[in-house]
Number of protein chains: 2
Amino acid sequence: MSPERPRTNTSVDPVGDRLVALADDAVLGSTGYLLLKAGIHVGNEIEQAMRELGLSMRDLLVLSFVACLEGLSQQELSDRLALDPTLVVGLVDGLEERDLVRRAKDPDDRRRNMLVLTPAGERVRTDAIEAATAVQEEYLAPLTNEQRTVLRSMLFDVMAPRLPWLRPA
Amino acid sequence: MSPERPRTNTSVDPVGDRLVALADDAVLGSTGYLLLKAGIHVGNEIEQAMRELGLSMRDLLVLSFVACLEGLSQQELSDRLALDPTLVVGLVDGLEERDLVRRAKDPDDRRRNMLVLTPAGERVRTDAIEAATAVQEEYLAPLTNEQRTVLRSMLFDVMAPRLPWLRPA
DNA sequence: TATTGTTATACTCTATAACTATA
DNA sequence: TATAGTTATAGAGTATAACAATA
């Protein structure tokens, strides 16, 4: 198979053997481990794509939640991001400095900051969605459209009991 | 649908509406984001299961790679774990102190540490595999066996071009 | 008295640089 | 001269504690 690899004194193919061995390992070849690695990889690639837009992946998630949930507070955002509230402060700070998000005091409870997208924020979000979608297109290229639908559906089924951050307010 | 939820003055179902809105978002409802979150979740659960055995998930990965790859060096292990070599030092230190892994000087290149499992390491690995497998069983419970096979296969296809750490030595 | 948001600080995790020993 | 492993240190990222404003 591999012409440049010299034959050893063993009768089996060490390359093929070891590959099979690793992929068949109860841990390294498990669905859970593959899921973990896939998540890390796709996350890294989205992160990189966002960096080219001057954003982080977290920035994109903030823009997404703020766009989808009217009157979202930082507290609720921290729940949905599964991120410490003190980290949300910095995230919103950065987006507000770039005029992508605005903090508006909730008139019904003046402790809360109601987060809203600015027009510039809407535009950046559109670009970011396009970039993130392109990354995923390429990432899932080995699958047919039908397979991607099946994959997404299965992930939904698996995650359904663990999706509180996607639940309504 | 939800009997305990009182009707509001809007004609639409706000709960269902906002859930659909989030799940339909191009980012928050995307396969990539679900993949990311699924990976994080399953990783956290495996980490917790390992903690009950006095291990980390990384410890399990080290045990797995050492068990599968004869004469594995720390350098190669760091590649396969996608972890800095200086971090591998600490990982192997910890496992060696607990007598689960042994460093043996490679006679052909005395700079290299050949890593091998001790009998105790084999036993602990067996227990850890059992625990990690149980976590995944429960995690994938919403899927049929057939669906799990399909999921694993699709993840393999997607990850195939990005699986150097599962390749032979 | 409790909660939202904020700041300052401490802690954890990781990477960088420099060293030893082998090659 | 280059590489495997190690150590010490600096840096990034995160969480904890304490505070002000509001309920």
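Below, all heavy atoms of this structure are taken into account, side chains as well, without hydrogens, waters or symmetry copies. Within every chain, numbering begins at 1; the chains are lettered A, B, ... in the order of the sequence lines, protein sequences first and strands thereafter.
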Nearest-Å distance, [atom1] ([X]) to [atom2] ([N])?
X: A:Asp84; N: D:dA17; atom1: CG; atom2: C1'; result: 11 Å
X: B:Gln75; N: D:dA2; atom1: CD; atom2: C1'; result: 12 Å
X: B:Glu96; N: D:dG5; atom1: CD; atom2: P; result: 13 Å
X: B:Leu81; N: D:dG5; atom1: CG; atom2: P; result: 13 Å
X: B:Leu83; N: D:dG5; atom1: CG; atom2: C1'; result: 15 Å
X: B:Leu87; N: D:dT9; atom1: CG; atom2: C1'; result: 14 Å

At under 4.0 Å between heavy atoms, how does the protein contact nucleotides 6-12 of chain C? Give one character per nucleotide, 5' to 3', with B, S or -. BB-----
Expected rows: protein N/O vs nucleotides 20-23 of chain C N/O, under 3.5 Å:
residue: C:dA23; atom: OP1; partner: B:Arg110; partner atom: N; Å: 2.9

For A:Glu122, is the CD atom crowded, meaning more than 12 foreign heavy atoms sit under 6.0 Å from it?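 Result for CD/A:Glu122: enclosed.
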More than 12 non-hydrogen atoms from neighbouring residues, nucleotides or ligands closer than 6.0 Å to CZ on B:Arg152, yes or no?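 Enclosed: over 12 neighbouring heavy atoms sit under 6.0 Å from CZ of B:Arg152.
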Evaluate the ring planes of A:Trp165 and B:His41, with Trp represented by its six-membered ring, and classify them as parallel (under 30°), tilted (30 to 60°) or perpendicular (over 60°).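 Taking B:His41 first and then A:Trp165, their aromatic rings lie parallel (interplane angle under 30°).
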Mind listing the closest non-hydrogen atom pair of [X] and [Y] along with its distance?
X: A:Ala141; Y: A:Arg148; value: CA-NH2, 3.7 Å
X: B:Leu55; Y: B:Ala128; value: CD1-CB, 4.0 Å
X: A:Ala120; Y: A:Asp99; value: CB-O, 3.7 Å
X: A:Arg167; Y: A:Pro161; value: NH2-O, 4.1 Å
X: A:Ala132; Y: A:Met50; value: N-CE, 3.9 Å

Passing candidate, side chain to side chain donor-acceptor pair (under 3.5 Å) with A:Asp109, options A:Arg112, A:Lys105, A:Arg111: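 Running side chain to side chain donor-acceptor pair (under 3.5 Å) over A:Arg112, A:Lys105, A:Arg111 with A:Asp109 returns exactly one hit, A:Arg111.
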So does B:Arg125 pair up with A:Asp25, basic N to acidic O under 4.0 Å?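 The answer is yes: the pair qualifies as a salt bridge.
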Check each residue of residues 36-63 of chain B for a non-hydrogen atom within less than 4.0 Å of any atom in DNA chain C, then write out the ones that pass by number, or none.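 B:Arg58, in order of number.
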State, without any angle test, whether A:Arg103 and A:Gln74 hold a side-chain donor-acceptor pair at a distance under 3.5 Å.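 Present: a donor and an acceptor within the cut-off.
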